[in-house]
S.K.: 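I have a structure here, written as structure tokens, and I will follow up with some questions on it.
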Amino acid sequence: MKSPKTISFLVSLYLLTSCSDSLDFSQLKEYVYKSKFTTSLIYFKVNPSEFTESIGGASISSISDEIKFKDFQTDLLESVLARIDLKANIENGSNNTLILEITFLNRSKDVVFETKSREIAANTLFNYFLIIDLHQHPEILDTTYLNYKITLENDSNRSDALNAGREIELNSSMDVYIEAKL
Amino acid sequence: MKKVFLLWAVFCFISLKSQNKQVLYNFAGLPQTLLLNPGSEINYNFHVGIPLFSGISAEIGSSGFSLANLFADDGININDKIETILKRLTTQDYGKLYAQVEVLNAGFRVDHRTYLSFGFYTEIDAFGYYPKDVFTLLNEGNSGYLNNNFLFSQIVYKLDVLGVLHFGASHQFTEKLTLGARFKVYSSAVNMRSKNNTGSFVTVAGRENAYKHIFSDINIISNSSGLIRNDEFLNSAGDYLQNVFLGGNLGIGFDLGITYRINENLEFSGSILDIGFIHHTKDISNITAKGSFAYEGIQFQFDNNQNYINDIEARFKRELVIAENERSYVSLRPIKMNAALMYRFGDKITRKFDNYFTKDFYTDAAGVQLHTVFRPLRPQVALTAFYQKSLTNNLQTKVTYTVDDFSVSNIGAGISAQFKNVNLYGLVDNILSYRDLSKANNISLQLGINLIFN
């Protein structure tokens, strides 16, 4: 019986002294979920003739449109949104200077975040890039409406400027940076 | 986000599969070997397991990473570790956890050729491949993966919590041939599964806008039973327990086994287990997603009357239909196969069993075993070489070396001791990993107490 006893002892000793490197499950508290999603946003193609000329004014006219987000969309993002990069390419094919304004509005249509308006010369391509840091601008989380407004300046000497120009084209996208701790 | 991570963690650590019990297979004539091969030769007259303690099996494993890779106290940032693991995972990697507890196990000899056995055990048996693309999309986003197809076909998982009532017979037809069969009634408490999914998600350069997001040929099905009733999760342990004990979704199945003595020393044995199905009819919740959807952004119309988000949502619902239903479904049990070739040698011992019969035994045996379990993507195979020795009449040992998906250095060991009519056994697998359990990709053990009467 010496042999079995020895084997049993050795097996027991091995199992009892088996060990594991110290694991630190509390590391999960340090885990920060970070991801970056790219999504298409607004696009349009509009003919200058769709702008109506105002008499005697500095601008010919402006057109605007907006997206209305649903509450759950902003609620969902509220706790995890870290940064938004707004990118747009605007091709001003018209013979007039174009002004682009992007405005973030709350439910009551009050401005919560206003971007600097961009002036784009006639017949030029402009790359628009805006970084919005949510830590610096948490008010943007109150956004319900995203409004795009385009104004054509009355800076053309040609009386048929609106009809002569090519289209105004915009395409845009958004990089959404998400950060969340467990 | 917490939920996403929780799901991810659950998937990583609680993804499960049925267990390869290579140390237990054909070992020491234990009653539990009958569950691995109903055609095993049984050399005693009566056995009964100590209820709840006769057979306890557990196994946890992950072919992609170990706990130490993730939680070692090594000063590396946890985010970097997770990123490294996700990059290293392949679509062939999987996680598993298995647990089985015998509630009742008993058997008796009818005559010198026939042994009947029966019992009831509960089992958690599940399995899941790591859906690398889905993990990557959730963890990193799509920005760094433009033009990259994220495949939903990688979502393959199965989880079963069930009770099994079984009744089997082992019959020695000739001196050489013993055949056996076991009939099983399954009672599923919980079933979750998703497989045969198709579809992909990709972000590419758009024609009208900067990017185009495309969901192509999506056909994802997720079935569950026993979890949700009237749109609410069952949260009573009593419900689950009742369902395990034949109150759940029922099914039937059977095992077949053979032992054939080629000559006095050489023996072949084999079995095919869990040829069966469960018909899920209670507390069903099936979720399906089917269709294709492409999104290039919102095209402004400048009429100020458009509700763009509503329009997109409506189009999404129309083109990529996500639906729930409570239709019954059938799940097949994962079929397992065992085969072994064993050569006996050493000292020859002749034992007499009551007045029934006498039998020759050898103190030593060596051989090879093959275990296969059929999984959705491919069968998983484990090849084992073993050596077993009777140290005394009452003490038997077995050592195994197994090559499988997890390791080429899997050494297992088992011991079975008989103190009068009390039999104790303990078997561990992957014994080298006990030097550092946290680095093990796979750990399993079986232990139990039986009363055996010769």
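Only a predicted model underlies this, so the values are computations on that prediction, with no experimental measurement involved. The sequence lines fix the lettering, A, B, ..., with proteins before strands; numbering per chain opens at 1. Computed from heavy atoms alone, side chains included, the values below leave out hydrogens, waters and symmetry copies.
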S.K.: Between S35(A) and G141(B), what is the shortest heavy-atom contact and its length?
M.R.: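 S35(A) and G141(B) have their closest heavy atoms at CB-N, 3.9 Å.
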
S.K.: Looking at side-chain heavy atoms only, is the closest gap between N79(B) and V32(A) below 4.5 Å?
M.R.: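 A side-chain contact under 4.5 Å exists here.
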
S.K.: Determine the interplanar angle of the F302(B) and F44(A) rings, folded into 0 to 90°, and report it as parallel if under 30°, tilted if 30 to 60°, perpendicular if over 60°.
M.R.: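 Correct class here is perpendicular.
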
S.K.: Taking side chain as C-beta onward, heavy atoms only, is L170(A) less than 4.5 Å from F300(B)?
M.R.: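 The answer is no, as the side chains (C-beta and beyond) never meet within the 4.5 Å cut-off.
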
S.K.: How about S40(A) and K212(B): do any of their side-chain heavy atoms sit closer than 4.5 Å?
M.R.: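 The answer is no; the side chains never approach within 4.5 Å.
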
S.K.: Between I78(B), I82(B), L70(B), N77(B), which is the residue that forms a side-chain contact (heavy atoms from CB on, under 4.5 Å) with Q27(A)?
M.R.: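 When I78(B), I82(B), L70(B), N77(B) are each tested with Q27(A), the side-chain contact (heavy atoms from CB on, under 4.5 Å) holds only for I78(B).
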
S.K.: Please assess D65(A) against Y308(B) for the test side-chain hydrogen bond (donor to acceptor under 3.5 Å, both in side chains), listing each intermediate value before the final yes or no.
M.R.: CA-CA 10 Å; D65(A) 207 343; Y308(B) 296 109; 2.3 Å; yes

S.K.: Is it the side chain or the backbone of I42(A) that comes within 4.5 Å of chain B heavy atoms, both, or neither?
M.R.: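 Both the backbone and the side chain of I42(A) come within 4.5 Å of chain B.
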
S.K.: Would the distance check show the side chain of S143(B) and the main-chain N or O of T38(A) forming a donor-acceptor pair, the cut-off being under 3.5 Å?
M.R.: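 Flag set: sc S143(B) to bb T38(A) pair under 3.5 Å.
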
S.K.: Between chain B and each of V176(A), T39(A), I150(A), N89(A), count heavy-atom pairs under 4.5 Å; write down the option with the most.
M.R.: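 Going by pairs under 4.5 Å, I would pick T39(A).
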
S.K.: Does S172(A) offer a backbone N or O that forms a donor-acceptor pair with the side chain of N209(B) under 3.5 Å?
M.R.: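 Yes, because the side chain of N209(B) sits within donor-acceptor range (under 3.5 Å) of the backbone of S172(A).
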
S.K.: Any side-chain heavy-atom pair from T203(B) and F37(A) closer than 4.5 angstrom?
M.R.: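 No, every pair of side-chain atoms sits at 4.5 Å or beyond.
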
S.K.: If you measure from OH on Y43(A) to CD on Q299(B), what distance do you get to the nearest 0.5 Å?
M.R.: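 Answer rounded to 0.5 Å: 4.0 Å.
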
S.K.: Please report the interatomic distance CG(N307(B)) to NZ(K68(A)), rounded to the nearest 0.5 Å.
M.R.: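 Here the rounded value is 6.5 Å.
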
S.K.: Go through the atoms of E140(B) and report whether side chain, backbone, both or neither lie under 4.5 Å from a heavy atom of chain A.
M.R.: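 Looking at E140(B), just its backbone touches chain A.
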
S.K.: Tell me if a side-chain donor or acceptor on D24(A) pairs with a main-chain N or O of F71(B) at a distance below 3.5 Å.
M.R.: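 No; zero donor-acceptor contacts below 3.5 Å.
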
S.K.: Is I312(B) close to chain A through its backbone or its side chain, or both, or neither, when contacts mean heavy atoms under 4.5 Å?
M.R.: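 Interface part for I312(B): neither.
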
